[in-house]
**Student:** 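I have a structure I would like to understand better, so I am pasting it below and will then ask my questions one at a time.
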Protein chains: 2
Amino acid sequence: MTARDSRGSLGRTGRRAGDSGTRDAILESARGQFADHGYDGATIRAIAAAAGVDPALVHHFYGSKERLFAAAMQFPLIPSETIRAALADESREPGEPLGSHMVRSALAAWESPGVREAFQGLLRSALTSERAAAMLREFVAETVLRSVASAAGGSDAGETAFRAALIASQMLGLALARYMLKFGPLAAASADELAAAIGPGIDRYLTGDLRDNGLA
Amino acid sequence: MTARDSRGSLGRTGRRAGDSGTRDAILESARGQFADHGYDGATIRAIAAAAGVDPALVHHFYGSKERLFAAAMQFPLIPSETIRAALADESREPGEPLGSHMVRSALAAWESPGVREAFQGLLRSALTSERAAAMLREFVAETVLRSVASAAGGSDAGETAFRAALIASQMLGLALARYMLKFGPLAAASADELAAAIGPGIDRYLTGDLRDNGLA
DNA sequence: GATTGAATTCAACAAGCGTAGAATTCAACA
DNA sequence: TGTTGAATTCTACGCTTGTTGAATTCAATC
């Protein structure tokens with residue numbers, strides 16, 4: 001499954017010079033390594049080894065580790081439109097509350113091949129690298145904030161941002177506990193159980209009264 | 001403010017040989033560095049420099065970086081009893097819902113001197129080090145699970161663990177977004193606002209029906 | 001004041017890191 | 001077939017890391 005193997009199996013194909021599949025193989029390998037070990041933990045040498053390639057080649061294609069990270073993590077921004085659409089309206093069963101649907105959509109995205117690695121890499125690195133933290137903030141703004149703005153209660157921009165941040169905090173906490181810290185009960189739960197348990201809270205963040213703390 | 005300064009200012013005190021304040025100074029410095037940079041990012045040399053001490057001395061006292069980390073992060077386990085008590089019952093104003101009180105207590109703990117560094121160091125390192133992740137899991141079990149068990153609805157142990165994990169995910173997500181990712185709206189919000197916004201969701205996790213997703 | 005044992009410093013090792021540039025292979029084209 | 005330019009490899013630099021052991025300082029005890 002290395003890049004050299006694939007080149008060998010492809011043999012003399014119609015590719016023009018300067019375009020084997022290696023460049024993409026490196027990017028994919030980088031996503032996996034960043035997802036598993038974070039920015040600092042992932043080494044260029046390990047990325048190259050996983051792609052079956054010389055370490056210097058990584059540098060030749062992407063210039064520096066930081067640029068490679070940016071290129072690898074930019075992956076979710078492409079299907080983010082898909083995510084946003086899924087979060088907002090389409091593909092929602094009639095009568096299903098929006099909060100429940102958002103939880104289900106997020107879980108589906110996090111378990112789909114490319115997005116999973118990019119998102120986990122971003123989250124793993126965000127706590128140690130300010131650059132990664134900024135990228136994650138931007139990603140959240142691109143996805144959560146937009147979809148919240150189209151469905152939120154108050155029209156006040158500040159309040160909408162507050163609601164979106166609350167939703168993001170619950171979603172990130174879920175991803176953190178389920179996929180990275182591997183809290184038993186959350187890791188074992190099904191998407192349906194989690195949607196039923198967490199969805200109503202999301203709905204409250206979306207349209208509920210956030211100033212009523214439930215005092216008797 | 002280095003250890004040597006303090007020894008100099010203390011002069012010939014009544015301390016017995018082998019007990020300057022250096023050992024504790026190193027531990028405190030380590031907590032700060034681990035909190036700011038995580039396990040991998042914090043270097044023994046930086047820890048020693050911040051304590052005004054030779055790097056080898058760190059090793060002389062604590063043996064290895066891993067043992068130093070364990071010693072520094074064990075700090076929260078001491079006031080964890082305090083935290084648990086605060087989360088459970090005492091110091092709660094009459095009529096204030098438990099969820100709101102838990103949020104307020106957590107915020108207070110995270111902003112108090114020693115706990116803040118230890119907790120953030122644990123959280124920052126948990127995503128890159130499996131050892132730190134295990135320590136964080138244990139810490140959560142020690143604090144959240146116990147206090148939830150004493151107030152949760154169902155007596156089923158599995159369901160109680162599920163409820164506790166949900167609460168932990170929301171709390172960790174809040175800490176993540178507010179203190180580390182620095183989401184504007186959450187970082188700027190007051191403890192009261194956050195308690196009012198998040199508390200009711202915690203109450204639902206504590207005693208609500210988690211199988212009703214709010215379907216119309 | 002000599003002794004003792006802990007605290008502290010010094011210098012250095014081995015390993016791993018990101019990065020760089022020269023050398024080489026190789027596929028397409030004239 | 002020889003040329004060309006990109007892909008790929010080799011070797012190595014400079015730096016930082018955790019760790020180690022020997023040497024040194026220093027406060028308390030006899």
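These numbers come from a predicted model, not from an experiment. Residue numbers start from 1 in every chain, and the chains themselves are labelled A, B, ... in the order their sequence lines are given, proteins ahead of strands.
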**Student:** A:D54 has an atom CG; how far is it from atom P of C:dG18, in whole Å?
**Tutor:** 14 Å
**Student:** Cut-off 3.5 Å, no hydrogens considered: what does the side-chain donor-acceptor table look like for residues 173-180 of chain B, sequence neighbours left out?
**Tutor:**
{"residue": "B:R178", "atom": "NH1", "partner": "B:L186", "partner atom": "O", "Å": "2.8"}
{"residue": "B:R178", "atom": "NH1", "partner": "B:A189", "partner atom": "O", "Å": "2.9"}
{"residue": "B:R178", "atom": "NH2", "partner": "B:E111", "partner atom": "OE2", "Å": "3.1"}
{"residue": "B:Y179", "atom": "OH", "partner": "B:E111", "partner atom": "OE2", "Å": "2.7"}

**Student:** Give the residues of residues 37-48 of chain A touching DNA chain C, defined as any heavy atom closer than 4.0 Å, sorted by residue number.
**Tutor:** A:A42, A:T43, A:I44, A:R45
**Student:** Does anything in residues 43-69 of chain A form a salt bridge (Lys or Arg N to Asp or Glu O under 4.0 Å)? List the pairs, not counting sequence neighbours.
**Tutor:** A:E66-A:R131
**Student:** Between atom CD of B:E193 and atom CD1 of B:I198, what is the distance when rounded to the nearest 0.5 Å?
**Tutor:** 11.0 Å
**Student:** Please identify each residue that fulfils side chain to side chain donor-acceptor pair (under 3.5 Å) with B:T128, with sequence neighbours left out.
**Tutor:** none
**Student:** Atom CZ of B:F34 to atom C1' of D:dG18: distance rounded to whole Å?
**Tutor:** 12 Å
**Student:** Tell me, which stems hold DNA chain C, with a stem being 3 or more Watson-Crick or G-U pairs in a row and both distances under 3.5 Å?
**Tutor:** C:1-30 with D:1-30
**Student:** Hey, are the side chains of A:Y62 and A:L27 touching, using non-hydrogen atoms and a 4.5 Å cut-off?
**Tutor:** yes
**Student:** Mind checking salt bridge (charged side-chain N to carboxylate O under 4.0 Å, His left out) for A:R104 and listing every partner two or more places apart, or none if nothing turns up?
**Tutor:** A:E96, A:D192
**Student:** Going by side-chain contact (heavy atoms from CB on, under 4.5 Å), name the residues that satisfy it together with A:A30, two or more places apart in sequence or in a different chain.
**Tutor:** A:F34, A:I47, A:L68, A:A72
**Student:** What residues, two or more places apart in sequence or in another chain, satisfy side chain to side chain donor-acceptor pair (under 3.5 Å) together with B:R137?
**Tutor:** B:E130
**Student:** Going by side chain to side chain donor-acceptor pair (under 3.5 Å), name the residues that satisfy it together with A:Y205, two or more places apart in sequence or in a different chain.
**Tutor:** B:Q170
**Student:** Give, ordered by number, those residues of residues 55-67 of chain B having at least one heavy-atom distance below 4.0 Å to an atom of DNA chain C; if nothing qualifies, reply none.
**Tutor:** B:A56, B:L57, B:H60, B:F61
**Student:** What I'd like to find out is whether the side chain of A:Q120 reaches to under 4.5 Å of the side chain of A:D36, using heavy atoms alone.
**Tutor:** no
**Student:** Between D:dT8 atom P and A:R23 atom CZ, what is the distance in whole Å?
**Tutor:** 11 Å
